[in-house]
Amino acid sequence: MTTVTPTPVEPVANAAAAIVDGDGERALAVADYHAGIEIGLRYERGVELESAADRRRERLLSLLDRTAADRVIVLGDLAHRIRAPDGEEREEIETLIDAVTDRVPLTLVQGNHDGGVAAAFADRIDVTPTDGTVYGDVGLVHGHTWPAPEVFEADVVCMGHEHPQVRLRDEVGGTRMERAWLRGQLNPEPFREEGIIADGAAVSGSELVVFPAFNDRSGGTWVNVDGQSFLSPFLPVGLADADAYLLDGTRLGPFGTI
């Protein structure tokens, strides 16, 4: 009989979210919520979109009900614009924080868009440093900076920032983009070169889980398209071997060969 080794990070079927076990509780983890993205697109690109703030919030709350998690963890970029949130964006964030914290605590793993959010809401949510934190046996980091040594040393490391997507082609030549998970072993060499791992130190080979963006309007890195540049300073070289998975759990195989 085959023995399946349990993992502390389990994606939620058909959702850009996972359950993370740690510290005696279960957390619902998502990455790259990007509240207020419609306002950002209006100012950045002149694109007018109807706000999906209510749908985003209800989607997260529905997942919280579905999983009965004890905490919500956002792996960075709770907000879209880097500046301090105001106007409609601040209203969306405040409404979201109210709705979540009425039920469970909320932890923000600080990302590159979150400086203003961290300053504005630090009295209402838990905010981690930008180089991440450890939750039980799981390291949590946004991914825009190199992780702290204790994050890298965790059994599993979860990150966002990259918004991985795959481009799929059908039998008649049509293509579509799908959000995807990346999951594989961390390559220790770039972390050793950066000084995060001491020369000569033994490493156990942590697993890395790169989350798809929770916000389906935020775009991302096409991981199976030649010439695409990754955003994180340690990707793709930091992934020794990684498979891509669709949100429904379909395994696509090594992301570079899809």
Side-chain angles (χ1 to χ4, degrees), residues 9 11-12 15-18 20 29-35 37 40-41 44 56 73-82 108-114 128-133 138-148 151-152 154 156-168 176-191 194 196 206-247 249-258:
V9 179
V12 179
V20 179
V30 301
D32 299 288
Y33 191 93
H34 285 274
I37 191 171
L41 290 174
E44 295 161 7
R56 276 191 292 272
I73 296 174
V74 178
L75 293 170
D77 289 0
L78 174 59
H80 180 69
R81 291 195 291 174
I82 296 175
L108 172 61
V109 180
Q110 195 171 168
N112 52 308
H113 285 237
D114 292 321
T128 78
T130 56
D131 60 358
T133 190
V138 180
L140 307 173
V141 68
H142 179 57
H144 65 302
T145 62
W146 292 88
V151 172
F152 177 82
V156 183
V157 177
C158 295
M159 66 171 283
H161 188 54
E162 203 64 55
H163 306 196
Q165 297 181 325
V166 291
R167 185 169 69 181
L168 302 177
R176 74 181 194 274
M177 303 303 302
E178 295 277 357
R179 287 176 291 168
W181 299 85
L182 297 182
R183 193 160 190 162
Q185 293 300 113
L186 268 172
N187 173 14
E189 290 312 309
F191 298 90
E194 190 67 18
I196 294 171
S206 302
E207 182 184 17
L208 179 65
V209 181
V210 186
F211 277 52
F214 187 80
N215 192 314
D216 55 7
R217 287 178 164 176
S218 60
T221 301
W222 299 352
V223 299
N224 66 329
V225 175
D226 290 340
Q228 286 287 296
S229 297
F230 281 69
L231 302 174
S232 174
F234 51 86
L235 292 183
V237 66
L239 268 174
D241 178 29
D243 287 335
Y245 298 82
L246 297 181
L247 300 193
T250 302
R251 179 182 176 273
L252 300 176
F255 70 87
T257 64
I258 299 169

Original post:
Side chains of Pro11 and Trp181: does their closest heavy-atom pair fall under 4.5 Å?
Top reply: yes
Subject >> Minimal non-hydrogen separation, Arg179 against Pro212, with atom names >> reply: CB-CB, 4.1 Å
Subject >> Atom of Asp77, atom of His113 and distance for their closest heavy-atom approach >> reply: OD1-N, 3.0 Å
Original post:
Does some side-chain heavy atom of Phe255 sit less than 4.5 Å from a side-chain heavy atom of Pro164?
Top reply: no
Original post:
Is the backbone N or O of Trp222 less than 3.5 Å from a side-chain atom of Gln165, with the two atoms forming a donor-acceptor pair by type?
Top reply: no
**OP:** Quick one: do Leu231 and Thr221 satisfy side chain to side chain contact (heavy atoms under 4.5 Å, CB included)? Show the steps, please.
**Re:** CA-CA 8 Å; Leu231 302 174; Thr221 301; 4.1 Å; yes
**OP:** Start with the C-alpha distance between Val223 and Phe230, add both sets of side-chain angles, then the distance that settles side chain to side chain contact (heavy atoms under 4.5 Å, CB included), and finish with yes or no.
**Re:** CA-CA 8 Å; Val223 299; Phe230 281 69; 3.9 Å; yes
Subject >> Check against side chain to side chain donor-acceptor pair (under 3.5 Å), His163 and Ser218 >> reply: CA-CA 8 Å; His163 306 196; Ser218 60; 3.3 Å; yes
Subject >> Flag side-chain contact, heavy atom, 4.5 Å: Phe152 against Pro188 >> reply: yes
Original post:
So do Arg167 and Asn224 actually touch side chain to side chain, heavy atoms under 4.5 Å?
Top reply: yes
**OP:** Carefully, step by step, assess Leu235 and His161 under the rule side chain to side chain contact (heavy atoms under 4.5 Å, CB included).
**Re:** CA-CA 11 Å; Leu235 292 183; His161 188 54; over 6 Å; no
**OP:** Tell me, with the steps shown, if Val166 and Leu246 meet side chain to side chain contact (heavy atoms under 4.5 Å, CB included).
**Re:** CA-CA 9 Å; Val166 291; Leu246 297 181; 3.9 Å; yes
Subject >> Closest non-hydrogen atom pair between Gly76 and His142, with its separation >> reply: CA-ND1, 3.3 Å
Original post:
Taking atom CE of Met177 and atom CG of Leu168, what is their separation to the nearest 0.5 Å?
Top reply: 7.5 Å
Subject >> Pairwise side-chain contact, His80 with Asn215, heavy-atom cut-off 4.5 Å (strictly under) >> reply: no
**OP:** List the atom of Phe214, the atom of Ala16, and the distance in Å for their closest heavy-atom pair.
**Re:** CD1-O, 3.6 Å
**OP:** Measure the spacing between CG of Leu182 and CG of Leu239 and express it to the nearest 0.5 Å.
**Re:** 6.5 Å
**OP:** Please report the shortest heavy-atom distance between Pro147 and Ile196, naming the atom on each side.
**Re:** O-CD1, 3.4 Å
**OP:** Provide the closest heavy-atom pair for Phe234 versus Gly143 in the form atom of the first, atom of the second, distance.
**Re:** CE2-O, 4.0 Å
Subject >> Any side-chain heavy-atom pair of Val141 and Val157 under 4.5 Å >> reply: yes
Subject >> Spacing of Asn187 atom CG and Leu208 atom CG [to the nearest 0.5 Å] >> reply: 11.0 Å
Original post:
Roughly how far, to the nearest 0.5 Å, is the CG atom of Asp131 from the NE2 atom of His144?
Top reply: 9.0 Å
Original post:
Do the side chains of Leu78 and Asp114 get nearer than 4.5 Å, heavy atoms only?
Top reply: yes
**OP:** Taking the side chain as every heavy atom from C-beta outward, state whether Asp243 and Arg183 have any pair of such atoms under 4.5 Å apart.
**Re:** no
